[in-house]
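Following: one structure in structure tokens, then a few remarks.
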Number of protein chains: 2
Amino acid sequence: MLQTRRFTDRSALSMPTTPTKPRPARKAVVPAAEGTRRHRQIADKRAAILGAALGLFSRFGLHGTTIDQVAAAADVSKTNLFYYFANKEALYVAVLRDLLDVWLEPLRAFAADQDPHEALAGYIRSKLAFSRDRPEASRLFCLEVIQGAPLLRDELANALRALVDEKAGVIRTWVDGGRLAPVDPHHLVFALWAVTQHYADFATQVELLTGRTLADPDFFEETVANVQRIVLQGAEPRA
Amino acid sequence: MLQTRRFTDRSALSMPTTPTKPRPARKAVVPAAEGTRRHRQIADKRAAILGAALGLFSRFGLHGTTIDQVAAAADVSKTNLFYYFANKEALYVAVLRDLLDVWLEPLRAFAADQDPHEALAGYIRSKLAFSRDRPEASRLFCLEVIQGAPLLRDELANALRALVDEKAGVIRTWVDGGRLAPVDPHHLVFALWAVTQHYADFATQVELLTGRTLADPDFFEETVANVQRIVLQGAEPRA
DNA sequence: GTCTATAAACAGATAGAC
DNA sequence: GTCTATCTGTTTATAGAC
């Protein structure tokens, strides 16, 4: 049972994604270079690999995806892929990093001087659009968090927490001003995330049960309207 | 690249969980036997393995978990585990099967002769209790559906769909009777699932952002109250 | 930067003794 | 039923030529 393998440097935010399975590492790569040139080619290739990796990781998870599959999907050789990313985990982390930024974006829009109804309705629409346009991103994020967010923990605890606390303050302002019902800001944020991401993460189930997908414009609008209605007005009839 | 391996019989509802990676199979096992005896021991061992497998699969996924880990967690030898389950996938399917029954249970309670408010509020409470008491079950279900439900597809399309359609009918009755706002039954069900399962699937994020978990009775009640309020009355103040 | 081997070792599964 | 030993293909990663 004893391990004779050398340990990865596992920089910064890395934590084991599975009980105990260290894998060897290598020198840092990423040649990256000057302003403009044919180094554009490099960036493009990196992007192609990252895109292919997102598609596969989000469907099969880190361990369910092989480097061979990513290389094939990105149309590069496996060896070549390792020229751009030191190892599998580094690639996975790079994908997650890109993800978090775009995943957070809709939330940044929230501001206290907005009308609460407009702000919430708009947020629901943009998050549902995200579920429609970038379902793999939503799914990979979900996969990562389900597994305890081993690689995103720090960012969630810092960047995300700061942002959410700020927006919770905005919501609290609205509640205190009587412009929203007395709901806890955090729970409201969770509800917004949950109902909107559901259509990406559980797209399979949604399609199996309704026979439709967000790609269908009618279904998208119907979904937006229903989610807005439920979260804003509630399921009970108004008095 | 050519595959010289024999193919698994992959009984019934099996579909590849990953692009193309068939693995050899074996004779069907599961000795299982008469009414009572020391065959109780067998059932216990099976249960221990299933329990350990649920814990690991839900955290690391099918491919992120090794049979060695399951065996160790269940305190049986790897070879012995293979006596009870033909192969890794069979074990995974067995875990999922057990899961679906218990996951569906709360929904069965729904009946048209109930008061809509009572029914929905009660459903929210029982689903949140499930998220508190069996988070691994919720997470494994989520993992499976995210990945396209390769092993649950049939059951979702049949058993689940039938049940949901029936309950959608109940909700529609309430809507038509003016006892619920005019919301689409399917979207309401999705919203109920999403907001309640979120506290299990995204428990890591919830804890990172609020510092609390459903295991805390105060937080549990606070969550129940907020989710009920949002889904039933909505976030906007009543006129 | 990209490719052709090839190392290194794991993880799933099995044979066969007890 | 349970164990020891072992086989097999897969998969990550690297060395070294071009």
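So that the names make sense, note that chain A is the first sequence line, chain B the second, and so on, each numbered from 1. Treat the numbers as computed from the prediction; the structure is a model and nothing was measured.
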- salt bridge (charged side-chain N to carboxylate O under 4.0 Å, His left out) pairs touching residues 193-206 of chain B, sequence neighbours excluded, are none
- Of D:dG1, C:dG1, D:dA13, the nucleotide closest to the side chain of A:Tyr84 is C:dG1
- Item | Out of C:dG1, D:dG1, D:dT12, whichever nucleotide has its closest atom nearest the side chain of B:Tyr83 | D:dG1
- Message: A:Phe220: which residues meet the ring pair (Phe, Tyr, Trp, His ring centres under 6.0 Å) condition with it, sequence neighbours left out?
- Response: none
- Task: Using the closest heavy atom to pick a nucleotide of DNA chain D for each, name whichever of A:Lys88 or B:Gln41 lands nearer the 5' end.
- Result: B:Gln41
- Task: Mind calculating the distance between CZ (A:Phe85) and C1' (D:dT11) to the nearest angstrom?
- Result: 19 Å
What protein N or O atoms touch nucleotides 4-7 of chain D N or O atoms at under 3.5 angstrom, if any, and at what distances?
unit_1, atom_1, unit_2, atom_2, d
D:dT4, O4, B:Thr79, OG1, 3.3

- Message: Quick check for you: among D:dT12, D:dG1, C:dG1, whose closest atom lies nearest to any side-chain atom of B:Asn80?
- Response: D:dG1
- Task: Would you mind reading off the distance between B:Ile49 atom CD1 and D:dT2 atom P, rounded to a whole angstrom?
- Result: 9 Å
- Query: How close or far is atom P of D:dT11 from atom CG of A:Leu81, stated in whole angstroms?
  - Reply: 15 Å
Enumerate donor-acceptor pairs with a distance under 3.5 Å from any side-chain N or O in residues 208-216 of chain B to protein atoms, sequence neighbours excluded.
unit_1, atom_1, unit_2, atom_2, d
B:Thr210, OG1, B:Val206, O, 2.7
B:Thr210, OG1, B:Arg212, N, 3.1
B:Arg212, NH1, B:Glu222, OE1, 2.9
B:Thr213, OG1, B:Ala215, N, 3.2
B:Asp216, OD1, B:Asp218, N, 2.9

- Mind checking what makes side chain to side chain donor-acceptor pair (under 3.5 Å) contact with A:Glu166, not counting sequence neighbours? none
- Query: Rounded to whole angstroms, how far apart are CG on B:Asp68 and P on C:dA13?
  - Reply: 12 Å
- Message: Could you work out, with side chain to side chain contact (heavy atoms under 4.5 Å, CB included) as the rule, every residue matching B:Thr79, not counting sequence neighbours?
- Response: B:Ser77
- Query: Over how many whole Å does the gap from B:Phe82 atom CZ to C:dG16 atom C1' extend?
  - Reply: 17 Å
- Task: Specify the separation, in whole Å, of atom NZ of A:Lys45 and atom P of C:dG1.
- Result: 10 Å
- Item | Trace of the salt bridge (Lys or Arg N to Asp or Glu O under 4.0 Å) decision for A:Arg125 with A:Glu221 | CA-CA 9 Å; A:Arg125 175 174 287 275; A:Glu221 289 302 330; 2.9 Å; yes
